[in-house]
Number of protein chains: 4
Amino acid sequence: MSKGEATRQFIIEKAAPIFNKKGIAATAMSDIMDATKLAKGSLYVHFENKDVLAAEVVDHNLNLGRKKLQAALNIAGTSKEKLFTYIDVVTDILNPPVPGGCPMINFGMEADDTNPEIKQKINQAIESTQQWISDIIKQGIKAGEFRPDWNHKEFATIMFAMVEGGIVIGRVAGNNTKIKAIGKALKQMISSQQLT
Amino acid sequence: MSKGEATRQFIIEKAAPIFNKKGIAATAMSDIMDATKLAKGSLYVHFENKDVLAAEVVDHNLNLGRKKLQAALNIAGTSKEKLFTYIDVVTDILNPPVPGGCPMINFGMEADDTNPEIKQKINQAIESTQQWISDIIKQGIKAGEFRPDWNHKEFATIMFAMVEGGIVIGRVAGNNTKIKAIGKALKQMISSQQLT
Amino acid sequence: MSKGEATRQFIIEKAAPIFNKKGIAATAMSDIMDATKLAKGSLYVHFENKDVLAAEVVDHNLNLGRKKLQAALNIAGTSKEKLFTYIDVVTDILNPPVPGGCPMINFGMEADDTNPEIKQKINQAIESTQQWISDIIKQGIKAGEFRPDWNHKEFATIMFAMVEGGIVIGRVAGNNTKIKAIGKALKQMISSQQLT
Amino acid sequence: MSKGEATRQFIIEKAAPIFNKKGIAATAMSDIMDATKLAKGSLYVHFENKDVLAAEVVDHNLNLGRKKLQAALNIAGTSKEKLFTYIDVVTDILNPPVPGGCPMINFGMEADDTNPEIKQKINQAIESTQQWISDIIKQGIKAGEFRPDWNHKEFATIMFAMVEGGIVIGRVAGNNTKIKAIGKALKQMISSQQLT
DNA sequence: TATGAATGAGCCTTCATTCAT
DNA sequence: TATGAATGAAGGCTCATTCAT
C-alpha cells in the first residue's frame, strides 16, 4: 500500500465514527482535521470533496459491521448458532460492532430524503443482510436443522426489522433493556422452528 | 389565540416537514424563511434560537402522528381493529401520517449522539407508543378478545420494533414491499391470539 | 432610496475601481470588505455572489464613463466640438474618466475567453460607442459641418479603435505621449472633413 | 538541449495558451499540471514559482507572434507587401497567430496596474512593434516606394493602435467584421502614400 | 529530474444570530 | 410584531508552495 493509500485509509478510519455519530451534514471537515491531525489541504489531496469522503466512510462502516460479524461467526457451527451470533452481535448496542451504532439506520435515515447515492448504498446493505439471514435459514433447512416449511424470506425481513427497530429503541433510551427482550424473543422464534 | 401565537404556530407547521426530511443540522433558518415567507428577524421574534424551534417542531411532528392515528381509530371498535388500524396507518410509508416519515426514527437517530433534549422527547414518545399498544392489548384481554396469557408488554415492543424497522427498510428502498409483508405478519400474530 | 439600496450602491462604488484595476479574478471579496469596511456577510446580503457584484461593477464603470463624457459634452456646441471633446476625455489616461482606465478594454480582455455575460455587456458598450460617434458625424453632415460623402460608419470604427489601441499603448507605457499623438491625428482627420 | 531544458520548454509551450486565454491570476498551477500531465512538484523543479513561469510564458507568446509574422513575411518583397502582410496576419483574429489572441493586449491590460515586470516586457514589445513598422516604411521611402514626406513614426503608432483597438472590438464581438474594415482602411492609407 | 503527499493561508459562501427601525 | 441590514464565525474548497522519497 502506497503512502497515499495509507493516509487515505487512515483518514477514513478516523472519520468513520465521527460521521456515524454526528451524521454527514453535522460533521465538518474541520472535525476530520482535528481527528487526523492533518492539515485542511491534506484531506483534499485524498478526497475530492466531503461527499466522496462521506461515501467512503459509509462503505467503511458497512464493511466494519460485516467484518465484526464474520469474526464472531467463526465459532458458530450450526445455522441456529449463526443466527444467534448475529443477534448477539447486532443487539449489543452498549458495545456496538460499529462505533456510533448501526450505519444502516444512521446513514439510511439521514440520506433517505437528501442523498440518493448513499441511500442506494444502504439499500443494498439492508437487502444483502436480509438475504444473508434468509440463506442461513435455507442452509439450516437443507441440513435438517429447521422445519422445511419455514418461510425463510419472510422471517429474514421480520428478524432484520425487529433488530433494527430494537436498536432505535435502545439507542434513544440509552439502554439495552428492550433490545435484549427482542433478541430473546427472536431466539425463541428460531428455536421454535428447530427439528428434534 | 393572539396574532403572535398564530404566527408562531404557522412557523412550526411550515418548518415541521422540512426538519423531518432534511434533519435538524441540515435545515437552515433560511429554509424556514423561504417556507414561511417571513423575514429573518421574525423567526427570532417567536423562537429564541434554532434549537427552540427544532424542539417545538419535534413536538409538533410527534403530535401530528398521534392525531392522525386518533382520527383513524375513530372507526375502530375492537382492540384487534385498533391494532390493525395502527399497523395500517404507520406502515403506509408512501403516504406517511407525518410528512417526511416517522419522526421517532428521523429525530431519534439524529439526536441520539448529539442532542440530549430531543433524544429525551423521542424516548418518551417511543415508550408511550409501546405503552399504548400494550394497553390496547390489555383491554382486549379484559374484554375477552385475546388470550389472557398473551405477553402484551413484550408483544408491544416487538410490534413497535418491527414496524419501525420496517419503515427503515421501506424508506431506504423507496417502496412499501417489505413493510407491507411486515404488517401482514403482525396481523397474523395478533389474530393468532384471538379467542374464538 | 432605501438603506439597503444605498448600501448596495455604496458597495458597487467602492468595488468599481478595484475590479477595474485588478481584474475580476484577482479581486477578492476581502478586498471589497477592506474598501467598504463592511463585514463579510454584509456583502452577501446585497449580492448573491461575486459574479453578480462583478456584473454590477461592470455596468457601473460603463455608466461612469458615459456620465463623465456627457458632463464634458455640455459645453460642446458643434459636432466637431463634440468629437474633439470625446477625444480629449478618453485620451486623458493620466486622469482617466473611469478610475483604473477604460472598462471596455479592461473587462473585455479579461472576459473574452472566460465570461460570456460580461463579454456581452462590453460588446454592447463598444457598439453603442461607435454608434454614438457615427451619429454625431451624421448630425454634423446634416448641419453642413462635414462633407456629405464622409463614410461616418467606417470612421467611427477607426476612431474608436485608434483611441482604444492608444489607451493600451499609453497605459502599458505609463505615459500619454503616444495617445496624445493619436488624439492629435484624429483631430486632423476630423478637421479635414470640415466644410469651409 | 538537456532533458531538463526540454521539459522546461515543454511546460512553457503547454502553459502559454492557457495563460493567454484565462489571464495570469485566473490560471492555476493545477491547470498547467493538467495540460502537461506533470506532477505538481515537477513544475517547481523548472520554475521557482508561478511568477517566473508567467514571465516566461509572456516572452514565449511574444516570440511566437514574432515568428508567425516572420514566417509570413518570407514571401513579401516590397515594403508595402510587408505592411499588408502584417495587417493580414494580425487582424486574422478568428485564427490568431498566438492562441488566445494578441498577448500584448491580454497581458498588458492585466499587468498594467498589478505587475510591473510584465508591464515592462509588454511595453518593450509594443514599442519594438511600432519601431518595426516605422522602419519598414523608412525602407520603403528610401527605396522610392513611398512619399518621402510620410510621417512614418506617427503612422506606425496609428497603425498599431488601430490594429490593437480593432482586435479588442473583434474579440469582444466574437467576429472579424470590424477588424477587417480596419485592415482595409489601413491598406488604403498605405496605398495612398505610394509613389506611382 | 520527477513525484505526489503535505501544508496552511486564503477564497467564496453560508449560517445563526442581533439590532435599529 | 415585523423587518431586513449587519455581523463574524465557520463551512467547504483551492491555491501556491515545500519536501521527503
Side-chain angles (χ1 to χ4, degrees), chain A residues 2-8 10-11 25-33 36-53, chain B residues 2-8 25-33 36-54, chain C residues 2-8 11 25-33 36-51 53, chain D residues 2-8 25-33 36-54:
Chain A
S2 72
K3 192 185 178 197
E5 184 53 33
T7 304
R8 188 180 155 90
F10 169 75
I11 294 169
T27 299
M29 291 303 273
S30 59
D31 293 331
I32 314 305
M33 285 172 59
T36 57
K37 309 285 185 203
L38 284 168
K40 196 146 248 192
S42 300
L43 302 180
Y44 285 90
V45 169
H46 299 285
F47 301 95
E48 200 181 335
N49 55 46
K50 184 181 161 181
D51 282 344
V52 170
L53 174 57
Chain B
S2 71
K3 191 189 176 193
E5 183 53 32
T7 304
R8 189 180 154 89
T27 298
M29 291 301 271
S30 61
D31 293 332
I32 313 308
M33 284 173 58
T36 57
K37 312 282 185 206
L38 283 169
K40 197 138 244 190
S42 297
L43 302 180
Y44 284 88
V45 170
H46 298 285
F47 301 94
E48 199 183 336
N49 56 44
K50 183 181 163 182
D51 283 344
V52 171
L53 173 57
Chain C
S2 74
K3 192 187 178 194
E5 184 53 34
T7 304
R8 188 180 155 90
I11 294 169
T27 298
M29 290 304 271
S30 59
D31 293 331
I32 314 305
M33 285 172 61
T36 57
K37 309 287 185 202
L38 284 168
K40 198 145 246 193
S42 301
L43 302 179
Y44 284 89
V45 169
H46 300 285
F47 301 94
E48 202 181 333
N49 56 45
K50 184 182 160 180
D51 282 345
L53 173 55
Chain D
S2 73
K3 192 187 176 193
E5 183 54 30
T7 304
R8 188 180 155 89
T27 298
M29 291 303 271
S30 60
D31 293 330
I32 313 305
M33 285 174 57
T36 57
K37 312 283 186 206
L38 285 169
K40 197 140 245 189
S42 298
L43 301 180
Y44 284 88
V45 169
H46 298 285
F47 301 94
E48 198 184 337
N49 56 44
K50 183 182 163 181
D51 282 345
V52 171
L53 173 56

Contact list (N/O, under 3.5 angstrom) for nucleotides 11-15 of chain E vs protein:
residue	atom	partner	partner atom	Å
E:dC11	OP2	C:Ser30	OG	3.4
E:dC12	OP1	C:Thr27	O	3.4
E:dC12	OP1	C:Lys50	NZ	3.0
E:dC12	OP2	C:Met29	N	2.7
E:dT13	OP2	C:Tyr44	OH	2.7
E:dT13	OP2	C:Lys50	N	2.8

Do A:Val45 and A:Thr7 have side-chain heavy atoms sitting under 4.5 Å apart? no
Candidate nucleotides E:dT7, F:dA2, F:dG4, ranked by approach to the side chain of B:Ser42 - the nearest: F:dA2
One should report the stems of DNA chain E, each a stretch of at least three consecutive Watson-Crick or G-U pairs at distances under 3.5 Å, as E:2-21 with F:2-21
Residues B:Lys40 and B:Ser30: closest non-hydrogen pair is NZ-CB, 4.5 Å
So do the side chains of A:Ile11 and A:Leu38 get within less than 4.5 Å of each other, counting heavy atoms only? yes
Phosphate contact (E:dA2 OP1 or OP2) by D:His46 side-chain N/O below 4.0 Å: yes
More 5' along DNA chain F: B:Gly4 or C:Gly4, using each one's nearest nucleotide? B:Gly4
Whole angstrom is fine here: how far is it from CG in C:Leu38 over to C1' in F:dT7? 10 Å
Residue-phosphate contact under 4.0 Å: D:Thr7 side-chain N/O, E:dA2 OP1/OP2: yes
Of B:Ala39 and C:Val45, whose nearest nucleotide on DNA chain F comes first from the 5' end? B:Ala39
Would you find a donor on one side and an acceptor on the other, under 3.5 Å apart, between the side chain of B:Asp51 and the backbone of B:Ala54? no
Other residues, nucleotides, ligands: >12 heavy atoms within 6.0 Å of B:Glu48 CD: no
